[in-house]
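This chain uses plain numbering: 1 for the first residue, then up along the sequence.
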Amino acid sequence: MHIVTCFKVVPEEQDIVVTPDSKLNFDRAEAKISQFDLNGIEAGVVLAADGDTVTALSVGGKYLENTKLRKDVLSRGPSELVLVKDAAFEGALPDVTASAIAAAVKTTGFDLLVFGEGSGDLYAQQVGLLTAGLLGIPCVNAVSKIEKAGDKVLVERSLENEVEVIELPLPAAVCVTSDINTPRIPTMKAILGAGRKPTKALGAADVSWSAPAPVAELESVVVPPTKQRAHDVVEGDSPEVVAEFAQKIKGLFN
């Protein structure tokens with residue numbers, strides 16, 4: 001089985017700076033694997049057996065140039081890494097990202113695509129579903145368990161009052177939740193061994209990608225307005241004080 005685990009490279013949240021005009025500055029933000037995609041990588045590696053191949057795949061812009069990040073991905077268990085870099089993928093919306101992944105896996109080949117439940121920046125939860133739609137393969141999201149079943153896979157997802165079990169013929173795609181596993185912490189041996197695993201750097205032309213017709217446009221990203229604290233403190237626990245407190249709370253919502 002050829003398992004392709006798709007991941008997104010996102011900026012480190014703690015390094016993002018809010019500017020005085022309520023914009024976000026990413027100049028000092030380091031690149032990292034989206035936290036939700038770590039679950040996807042782990043799920044693909046755990047599912048793989050002897051003879052299976054696990055390819056970690058990402059499409060994006062300048063963040064993919066980070067060599068430390070490449071080693072981080074491969075130290076988590078994938079057999080190989082494929083990166084598709086193009087300026088058009090910088091800050092791309094889900095439809096563009098999905099079209100790029102679909103083009104890339106037609107080049108690499110696959111039996112099962114594994115996605116995280118969303119990305120660490122937009123968290124649109126659309127890329128896996130859109131990619132499967134473009135490829136014409138079945139896809140199940142919110143997956144909390146994956147097992148092999150011959151030439152198929154069995155997946156589970158928790159609904160409100162029951163657990164749904166679905167049999168998927170291959171090729172297929174799944175989007176896993178963060179409850180499916182706890183991503184491994186790479187050992188020193190795994191980190192050193194990551195440097196010997198193959199990495200393939202491609203461009204949009206190498207995977208015959210062409211831009212899809214736009215379905216949405218990102219106009220701007222701004223920080224929600226902040227409100228100064230009122231510093232209105234109510235002290236005591238007498239009925240009168242509690243009534244005063246309740247009245248103040250009601251006033252905030254009226």
Side-chain angles (χ1 to χ4, degrees), residues 2-11 13 16 23-24 26 29 31-41 43-44 55-65 69 73 81-143 155 157 168 170-178 200-222:
H2 186 183
I3 303 168
V4 177
T5 61
C6 303
F7 68 97
K8 186 174 185 180
V9 181
V10 298
E13 294 90 345
I16 300 173
K23 300 290 180 63
L24 297 177
F26 300 92
K32 74 170 188 176
I33 306 169
S34 173
Q35 183 63 39
F36 303 106
D37 292 333
L38 291 177
N39 297 107
I41 294 172
T55 300
L57 168 69
S58 185
V59 302
K62 61 182 180 181
Y63 279 144
L64 297 188
E65 299 171 0
L69 181 137
V73 175
L81 175 62
V82 176
L83 303 173
V84 185
K85 177 179 172 292
D86 193 275
F89 306 147
E90 192 79 49
L93 293 180
D95 59 320
V96 174
T97 300
S99 69
I101 292 175
V105 297
K106 288 178 182 178
T107 301
T108 63
F110 71 97
D111 294 303
L112 180 68
L113 300 180
V114 183
F115 297 85
E117 62 182 306
S119 63
D121 48 8
L122 294 179
Y123 196 66
Q125 298 179 282
Q126 297 177 16
V127 172
L129 298 169
L130 290 173
T131 302
L134 291 170
L135 294 170
I137 60 174
C139 180
V140 178
N141 63 349
V143 170
V155 301
R157 60 178 176 181
L168 279 176
L170 300 177
V174 294
C175 307
V176 303
T177 68
S178 55
K200 187 179 295 185
L202 304 173
D206 297 319
V207 296
S208 302
W209 177 81
S210 57
V215 296
E217 182 180 347
L218 181 62
E219 291 190 357
S220 63
V221 177
V222 296

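Expressed to the nearest 0.5 Å, how far NZ of Lys32 lies from CG of Asp37 amounts to 11.0 Å. Note that CZ of Phe115 and CG of Leu129 are 9.0 Å apart. Values are rounded to the nearest 0.5 Å. One finds the CG atom of Asp121 at 8.5 Å from the CD1 atom of Ile16 (value rounded to the nearest 0.5 Å). From Ile101, atom CD1 reaches atom OG1 of Thr131 across 4.5 Å, with rounding to the nearest 0.5 Å. Atom CZ in Arg157 sits 11.5 Å away from atom OG1 in Thr177 (nearest 0.5 Å). Atom CG of Leu168 sits about 8.0 Å away from atom CG of Leu112, to the nearest 0.5 Å.
Between Phe36 and Tyr123, the angle of the ring planes lies from 30° to 60°, which puts this pair in the tilted group.
Checking side-chain atoms of Thr5 against main-chain N and O of Ile41 turns up no donor-acceptor pair under 3.5 Å. The closest donor-acceptor contact from the side chain of Asp111 to the backbone of His2 lies under 3.5 Å. Looking at Glu117, its side chain does come within 3.5 Å of a backbone N or O of Ser178 through a donor-acceptor pair. Counting only distance, with no hydrogens or angles, the side chain of Gln126 and the backbone of Asp95 share no donor-acceptor pair below 3.5 Å.
Minimum interatomic distance between Ser58 and Leu64 (heavy atoms only, all atoms of both residues): OG-CD2, 3.6 Å. Heavy-atom minimum distance, Pro138 versus Ala132: O-CB, 4.5 Å. Closest of all the heavy-atom pairs between Ser99 and Val96 is OG-O, 2.7 Å. Scanning all heavy atoms of the two residues, the minimum distance from Ala56 to Val73 falls at CB-CG1, 3.5 Å. Scanning both residues, Ser119 and Ala124, for their nearest heavy atoms gives OG-N, 4.5 Å. The two residues Val10 and Tyr63 make their nearest non-hydrogen contact at C-CE1, 4.3 Å.
Residues Leu130 and Thr97 form no side-chain contact, since every pair of their non-hydrogen atoms from C-beta on lies 4.5 Å or further apart. Looking only at side-chain heavy atoms (C-beta outward), Val4 and Val82 stay at 4.5 Å or farther from each other. At least one side-chain heavy atom of Lys8 sits under 4.5 Å from a side-chain heavy atom of Leu122. Leu135 places a side-chain heavy atom less than 4.5 Å from the side chain of Phe110.
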Please walk me through it: do Asp206 and Thr107 pass side-chain contact (heavy atoms from CB on, under 4.5 Å)?
CA-CA 9 Å; Asp206 297 319; Thr107 301; over 6 Å; no
Quick one, Lys23 with Val222, criterion side-chain contact (heavy atoms from CB on, under 4.5 Å). Give me CA distance, side-chain angles, the key distance, then yes/no.
CA-CA 5 Å; Lys23 300 290 180 63; Val222 296; 3.9 Å; yes
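If you run side-chain contact (heavy atoms from CB on, under 4.5 Å) between Phe7 and each of Val59, Leu81, Asn39, Leu57, only Leu81 comes through.
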